[in-house]
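Just below is one structure, and these are the notes that go with it.
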Amino acid sequence: MSDFAKRLIAWQKQHGRHGLPWQNTSDAYAIYVSEIMLQQSQVSTVIGYYQKFMQRFPTLASLAQASQDEVLQYWSGLGYYSRARNLHKTAQRIATDYAGIFPDDFTVMQSLPGIGRSTAAAIASFAFGQVQTILDGNVKRVLARHFMVSGWTGSKKVEQQLWQLAESLLPQQGMVAYTQGLMDLGATVCTRSQPKCAACPMQGSCAALQANCVYTLPTPKPKKTIPQKQTTMLVLRHGEQIMLEKRPSSGIWGGLWSFPETDAADDLETLVQTRFGLSASSQAPLATISHAFSHYKLSIHVQPMHVTQVPSQVSEPQYSWLSVEEANAAGIPTPVRKILQLLLAEAQTKKSA
DNA sequence: AATGCGTGGCG
DNA sequence: TCGCCAAGCAT
């Protein structure tokens, strides 16, 4: 066993994390759900979502049988919603193609929607004790420092080096502690800022520490200017109800419920009449909400409209008239939730006036 | 292979 | 306030 692995395993057992909700189980499904939620999301954010999700969907079968709408309700606010859609799709595929048993084959796992090499390795090692390496942001940072690998770790070339390094370090025994240790070390010791090198089990062999360049590694991602976009969300109100529409299954907020959008500011009445067959009149703009994505910034102008007449016999499935409370319980993106809060606050103000 | 895909916390 | 990025994957 490599010295690296030996020290890491010993360190993990004594100083690593052991009480996270998805630890101390060998249920592949429970581990799988956690790994998907933890893709690009931090542990502290995931914990609450994970507990509610597992309470509602405790088994693979229960998830497979649920509607996509309900799965997205439980994912609402967590972001990267393709993870939820793929989670649901994979549960259904395992139910039909693999007799409901989570596959233990590393290659088969990677053929399932939403499971890539690193996630497959995490499941394979945690659930089945297999010798496969993960390579997430934590591991990239640990390896880039320990072996002084320069260059942005997201580039194909550097990433390939890191995969090879990670593989070369694998132990043949103790994979659960080893895999957890890789992540724990990056998350609690070899952190991006203010790493605790004095407490690191690898301080004797870390090349970056010896060369005094821990702070320059890993090489930061090349910057790009992110575009600023605008949209207007139409809050169509009829009595106590508002209208949401289901977004297309691909693209931003895919499959979630949201307010209808337009980029045209003028003649909203005609637009609403044409697009939805609704007679409505614009009210005073409610607010402008700033929302930052990873790849662009969005200013959302919130435009309430008073609907005087709703067609009696429309009920197309992509539209839904809901109370604010009902909307708040649906699979909605974060800015929509913020707008619903504004509407509730407005109603409260009116009540007390 | 570079880009699209969310959100929240932190310095 | 703002840039950075977190248990990545799909295309």
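This is a predicted model, so every value here is computed, not measured. Lettering of chains follows the sequences in order, A, B, ..., and the numbering in each one begins at 1.
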Going by atom types alone, do A/Ser76 and A/Arg337 pair a side-chain donor with an acceptor below 3.5 Å?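 A/Arg337 and A/Ser76 do have a side-chain donor-acceptor pair below 3.5 Å.
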Examine the side chains of A/Glu261 and A/Thr231 and answer whether a donor and an acceptor come within less than 3.5 Å of each other. yes
Can you see if the side chain of [X] gets near the phosphate of [N] - specifically, an N or O under 4.0 Å from OP1 or OP2?
X	N	result
A/Lys224	B/dT3	yes
A/Gln42	B/dG9	no
A/His295	B/dG4	no
A/Lys223	C/dG3	no
A/Tyr81	B/dT7	yes
A/Thr45	B/dG8	no
A/Arg192	B/dG11	no
A/Lys157	B/dA2	no

Could you point out which residue of A/Leu278, A/Leu234, A/Leu322 forms a side chain to side chain contact (heavy atoms under 4.5 Å, CB included) with A/Met243? A/Leu278
First encountered from the 5' end of DNA chain C, between A/Gly114 and A/Leu38: A/Leu38
On DNA chain C, compare the nucleotides closest to A/Ile115 and A/Pro218; which residue's is nearer the 5' end? A/Pro218
Please state the [atom1] separation for the pair [N] and [M] - nearest whole angstrom.
N	M	atom1	answer
B/dA1	C/dT11	C1'	10 Å
B/dA2	C/dA7	C1'	23 Å
B/dT3	C/dC4	P	16 Å

Quick one: does any side-chain atom of A/Arg85 pair with a main-chain N or O of A/Gly255 as donor and acceptor, under 3.5 Å? no
Over all strands shown, is [X] touching base, sugar-phosphate only, or nothing at heavy-atom distances under 4.0 angstrom?
X	answer
A/Gly251	sugar-phosphate
A/Arg85	nothing
A/Gly154	nothing
A/Trp152	nothing

Would A/Trp253 and A/Ile226 show up in the same hydrophobic cluster when neighbours are defined by side-chain heavy atoms closer than 4.5 Å?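 No, A/Trp253 does not connect to A/Ile226 through the hydrophobic network.
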Donor-acceptor pair present, A/Arg83 side chain and C/dA10 base, under 3.5 Å: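 No, no donor-acceptor pair under 3.5 Å.
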Does A/Ser41 contact B/dG6 through a side-chain donor or acceptor facing the base, at a distance under 3.5 Å? yes
Please determine, for the side chain of [X], which listed nucleotide ([options]) has the closest atom?
X	options	result
A/Thr119	C/dC9, B/dG6, C/dA7	C/dC9
A/His291	C/dA6, C/dG8, B/dT7	B/dT7
A/Lys297	C/dC9, C/dG3, B/dG8	C/dG3
A/Phe293	B/dG8, B/dG6, C/dA7	B/dG6

Roughly, in whole Å, what's the span from [atom1] in [X] to [atom2] in [N]?
X	N	atom1	atom2	answer
A/Ile289	B/dG6	CD1	C1'	16 Å
A/Gln39	C/dA7	CD	C1'	8 Å
A/Trp75	B/dG8	CH2	C1'	16 Å
A/Gln160	C/dG8	CD	P	20 Å
A/Ile226	B/dT3	CD1	P	14 Å
A/Leu78	C/dG8	CG	C1'	13 Å
A/Ile134	C/dG8	CD1	P	9 Å
A/Lys221	B/dC5	NZ	P	13 Å

Can you work out whether A/Ser155 or A/Trp253 has the more 5'-proximal nearest nucleotide on DNA chain B? A/Ser155
Residue pair A/Ser193/A/Ile332 against DNA chain B: nearer the 5' end by closest nucleotide is A/Ile332
Could you check whether any side-chain heavy atom of A/Gln161 comes within less than 4.5 Å of a side-chain heavy atom of A/Phe147, counting everything from C-beta outward?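 They are not in contact (no side-chain heavy atoms under 4.5 Å apart), so the answer is no.
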Is there a side-chain contact between A/Thr153 and A/Leu143 in this structure, where contact means two heavy atoms from C-beta onward sitting under 4.5 Å apart?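 With C-beta onward as the side chain, the pair stays apart.
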